[in-house]
Amino acid sequence: QVQLVESGGGLVQAGGSLRLSCAASGVITSIAVMSWHRQVLGKQRELVASIATGDNTGYANSVKGRFTISRDNAKNTVYLQMNSLKPEDTGVYYCYVNAKVGWAPPRDYWGQGTQVTVSS
């Protein structure tokens, strides 16, 4: 069993910054991938940024150059530094982890989501 606790969401003006955090707790054997997704009204949930083994990262084109994902393996925590925020970044951001617990096959785990609102 793995729990994901997200924090850092809030209201910010365009051009501002926010830092999201997601801490995974539980008896975790390994984590293959940690990522951030967002749900924007009228659109399907989309991948924003991901980080995998060896700190290999990937970003949606819409956030490249503005967002940075990082990972602290010792703390089982993933971060998303969001700079130069735009109104179109508004949405609910979800943390995702693919992890193994004991000898069980890897499973997908999702956070509860945190609201990010960017005003004009």
Side-chain angles (χ1 to χ4, degrees):
Q1 182 69 279
V2 176
Q3 276 193 304
L4 305 181
V5 180
E6 301 163 326
S7 62
L11 175 65
V12 66
Q13 291 185 331
S17 299
L18 286 173
R19 189 194 190 201
L20 305 183
S21 298
C22 175
S25 62
V27 184
I28 301 172
T29 302
S30 64
I31 297 177
V33 176
M34 304 184 84
S35 61
W36 288 96
H37 303 244
R38 68 186 178 189
Q39 183 80 56
V40 177
L41 285 177
K43 296 183 178 181
Q44 295 183 340
R45 183 162 53 188
E46 63 178 347
L47 174 65
V48 176
S50 65
I51 184 165
T53 304
D55 286 343
N56 292 320
T57 59
Y59 298 91
N61 288 331
S62 60
V63 306
K64 284 184 178 179
R66 300 188 297 119
F67 291 9
T68 302
I69 189 170
S70 60
R71 176 177 178 176
D72 187 334
N73 292 330
K75 297 180 179 180
N76 286 330
T77 300
V78 63
Y79 306 92
L80 184 66
Q81 179 66 46
M82 304 184 293
N83 299 325
S84 301
L85 284 163
K86 304 175 181 179
E88 49 262 46
D89 293 319
T90 295
V92 180
Y93 285 68
Y94 297 90
C95 177
Y96 164 86
V97 171
N98 180 262
K100 290 184 177 181
V101 177
W103 294 104
R107 288 182 57 187
D108 299 331
Y109 300 91
W110 291 91
Q112 75 283 356
T114 183
Q115 177 70 42
V116 172
T117 303
V118 184
S119 64
S120 300

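Everything quoted here is computed from the prediction, not taken from an experiment.
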Heavy-atom closest pair (Val40 atom, Thr90 atom, distance to 0.1 Å) is CG2-O, 3.5 Å
Separation between CH2 (Trp36) and OH (Tyr59), nearest 0.5 Å, reads 13.0 Å
Here the gap from Ile31 atom CD1 to Asn73 atom CG, rounded to the nearest 0.5 Å, amounts to 7.5 Å
Taking every heavy atom of Val116 against every heavy atom of Leu18, the minimum-distance pair comes out as CG1-CD1, 3.9 Å
Salt bridge (Lys or Arg N to Asp or Glu O under 4.0 Å) pairs touching residues 82-103, sequence neighbours excluded, are Arg38-Asp89, Arg66-Asp89
Contacts satisfying salt bridge (Lys or Arg N to Asp or Glu O under 4.0 Å) that involve residues 70-80 (not counting sequence neighbours) are none
query = Should the pair Tyr96 and Trp110 be assigned to parallel (<30°), tilted (30 to 60°) or perpendicular (>60°) ring geometry?
reply = tilted
Same apolar cluster: Ile28 and Val97, side chain cutoff 4.5 Å: yes
Identify every side-chain donor-acceptor pair in residues 1-15 under 3.5 Å, counting partners at least two apart or on other chains, and give the distances.
residue	atom	partner	partner atom	Å
Glu6	OE1	Gln112	N	3.4
Glu6	OE1	Gly113	N	2.4
Glu6	OE2	Cys95	N	2.3

Between the CG atom in Asn76 and the OG atom in Ser25, the distance rounded to the nearest 0.5 Å is 9.0 Å
Rounding to 0.5 Å, atoms CZ (Arg19) and CE (Met82) come to a distance of 11.5 Å
For Ile69 and Ser35 the tightest heavy-atom approach is CD1-CA, 4.2 Å
For Tyr79 and Ser21 the tightest heavy-atom approach is CD2-OG, 3.3 Å
When every non-hydrogen atom of Gln115 is compared with those of Gly91, the smallest separation belongs to NE2-O, 3.5 Å
Output for pair (Leu20 CG, Thr114 OG1), nearest 0.5 Å, gives 6.0 Å
Next item on the list: Kindly assign one of parallel, tilted or perpendicular to the pair Tyr93 and Phe67, based on the angle between their ring planes and the thresholds 30° and 60°.
Entry: tilted
